[in-house]
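Note: hydrogens, waters and symmetry copies are ignored here, and every other heavy atom, side chains too, is used. Order of the sequence lines fixes the chain letters, A, B, ..., with proteins taken first and strands second; residue numbering starts at 1 for each chain.
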Amino acid sequence: MRSSRHERRSGHEEANGLSVSGEPRSTEQYSKRPPTRRPSAAPGNDTGDGYVDHETASDRNPYTGQPFSDLYYELEEKRRALPVYQARQRIVDAVRRHRVVVLQGETGSGKTTQVPRFLLEAGFQRVVCTQPRRIAAVSVATRVAQEMDVCLGDLVGYTIRFEDVSHPKRTRLKYVTDGMLLREAFQDHMLSRYDCILLDEAHERTLSTDVLMGLIKNILPVRPALHVVVMSATLERDHFTTYFNQAPLLDVSGRMYPVDIRYEKQPVMDYIRAVEEKVQYIHEQEPAGDILLFLTGEEEIEDMCQRLRYYSRTVAKRGLGPLHVLPLYSALPLSHQQRVFEPANPPGARKVVVATNVAETSLTIDGISYVIDPGFAKSKIYNPSTRVESLLVSPISQDSAKQRAGRAGRTRAGVCYRLYTEDAFRTELQERSYPEILRCNLCNVVLTLKKLGIDDLIHFDFMDPPAPDTMIRALETLFYLGALDENVALTPLGTQMAEFPLDVQITRMLVESPRYRCSEEAVTLAAMLSVPNVFVRPRYRADEADARKERFVVSDSDHATLVCVFEAFVKHDHDARWCSENFLNDRALLHAVNIRRQLASMLKQMGLPLCSPGIRAPDRWVRLRRCVLAGFLMQTAFWVRRRDYMTIRDEQVVGLHPSSVVRHRPAWVVFHEFVLTTGNYIRTVSQIEPEWLFELSTKYYDLTEYKDGASRRALELAAGLRKMRRHGTA
DNA sequence: TAGGGTTTT
């Protein structure tokens, strides 16, 4: 096969005047093909319709002119065995014939690695394929480059935050995170670099993919040569085809093994106990095979692991093999996460992976025979009336349950135990999960859309339009932050703010920071506020962890404390051991180092000076606290009683979160976030002086805007105080 | 005086 003679690429496409889009294309355009398609570059056999069939290709790589490597032949064999390979002509034909095609297929069908390549080989000039996760973009691009026997970063590449392994001209197939493609659209509203865009894992409905879909729908009519493929898991629905005006649906079934779904006969009262019993049942009654079970969070998982390890010790006495119990959640150190991919220890033990939703989408563990699905997950919800985002344990969707079940059929036939009744599955679980865009505040989405040149947000064609209240809240916040004007138009400040990959309040703090002469500190803080909590506090060593934290404390500011932690981390050369001794999460801190570097270079590019009062300056933290207030000006609270504060305007009674280092109950604080857990808490707070509020010269603290109430009285008191100080009487 | 699912720019 590989030695068969190939035909030189004929002029077929030019001859019939058809481009891949089925639209006339001038020869001038056609002649702009990159060198890889020159006849001398020896491409594969043209099957007569413009599709190059590498089955009859030569033993020289058409893209490099080099002989193929041994790895190439090995991978080529595997690739041809993929289900999607059989459908390649069908896929190419459909994409040529239609502007948008929806392609469904399970993980394992090979759609992510193969479809973009089919389209490249069919003659598309620049193909981009989005992924929701960085790690997927990297690993898929690497794989495809290997399969095509080309150097990664040349013909095939990837672009993710902090890492661009692509060539501006030579890269013709690029994998990117969805957020990254959205960023690219900031510079190039029409995404004119690409003639083919693939949105992969669209069923996950990430914020960025949703915005991209809306954007692309806008672009399609003005870019007649653009073709789009929306790829998703098979979830039996026509949501995408409807949204894209009856786009054709192709199904590329994956190589899935059957999964036997077993329901409970009666509703389960205590799912934790039911999970434990189900593991015991499987271990004692069912054949060998690893178990994956889903729980909602770290604490639940660590508890369950303890229980199961205890059980494992007891069964050993009864002559049963041991369990190898492994937790899996994203906050777990990477080395611990890796353990779920290793063989069971001792050999022959039954592996039990106790996981959060990471195992539903991000991490795929092969060799699972049993899935236990209690039907719950934590999910973020946003309440626009209180402006609070919170995590809530809630029932999963039918789609999510299907995804979980599928995890048992990846390498062999499996069983999924659903710890709820079949009736509950049909009547109580909603069909789909709420997409992210309906569950979070929209400040950044609005800013992004404005930056993309979309002015009419009301008529923007979201697949699922967000609630009007949420939209209004976002517009209001952006207005007070100075990003939008009275006409809801982007201000110069807003244009600048949209560039930053940060929450809008953090961005505002950052761009204000040179004015407070503390931009060095502000950049550090911005990075620290953008990563997960750096303080580790294991339940059984809580006191020890608290004692260690004391070393970094600046007693009137959690924000300043975070800066101190970061600076200590840098001083200790990013040392992982130092982190673990000090109960700090080194992964989060390293991430903060990267973010800080990126932000500092952005500030420099924008001509915003990096300055600091110096680490010994007595007013260092005062400046930082004022600067935080400049960004988080809508998030202040005043003291009412004991540990209780009241938020300004909304007048919610909130507690100071117990993790705060601020203990002396200052009259006014600025807070980073409002969390709803076992109570209402404000978390990551700093003391502020009330007169700073009026010095912000913002409408937000204009007393005439306040009805008579606690907020007004608190502000009046503060204003009175200000007057008294001015007259030297206080 | 406590709990944070997952991901991205």
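Applying the side-chain contact (heavy atoms from CB on, under 4.5 Å) test between A:Val654 and each of A:Asn680, A:Val388, A:Val640 identifies A:Asn680 as the sole match.
Counting any heavy atom pair closer than 4.0 Å across all strands shown, A:Arg537 reaches a base atom. Residue A:Glu300 is classed as having no contact, given no heavy-atom separation below 4.0 Å to the nucleic acid. Across all strands, A:Arg161 comes closer than 4.0 Å to base atoms (heavy-atom distances). Using a 4.0 Å heavy-atom cutoff across all strands shown, A:Ser379 reaches no nucleic acid atom at all. Using a 4.0 Å heavy-atom cutoff across all strands shown, A:Gln598 reaches no nucleic acid atom at all. Note on A:Ile160: only backbone sugar-phosphate atoms sit closer than 4.0 angstrom, heavy atoms only; bases stay farther off. Across all strands, A:Arg642 comes closer than 4.0 Å to no nucleic acid atom at all (heavy-atom distances). Residue contacts shown for A:Thr177 are limited to sugar-phosphate atoms, with no base heavy atom under 4.0 Å away. Counting non-hydrogen atoms under 4.0 angstrom, A:Ser208 reaches nothing in the nucleic acid.
Other residues, nucleotides and ligands contribute more than 12 heavy atoms inside 6.0 Å of the CG atom of A:Leu392. The environment of CZ in A:Phe535 is crowded: more than 12 heavy-atom neighbours from other residues, nucleotides or ligands sit within 6.0 Å. The number of heavy-atom neighbours closer than 6.0 Å to CZ of A:Arg642, taken from other residues, nucleotides and ligands shown, is 12 or below.
Residue-to-nucleotide proximity on DNA chain B shows that, of A:Asp503 and A:Arg439, the 5′-proximal contact is made by A:Arg439.
The span of DNA chain B lying next to chain A, judged by atoms under 4.0 Å from heavy atoms, is bounded 5' to 3' by B:dT1 to B:dT9.
Below 30°, between 30° and 60°, or above 60°: for A:His591 and A:Phe162 the angle between ring planes is above 60°, a perpendicular geometry.
In the model, A:Tyr329 has no side-chain atom that pairs as donor or acceptor with a side-chain atom of A:Glu300 under 3.5 Å.
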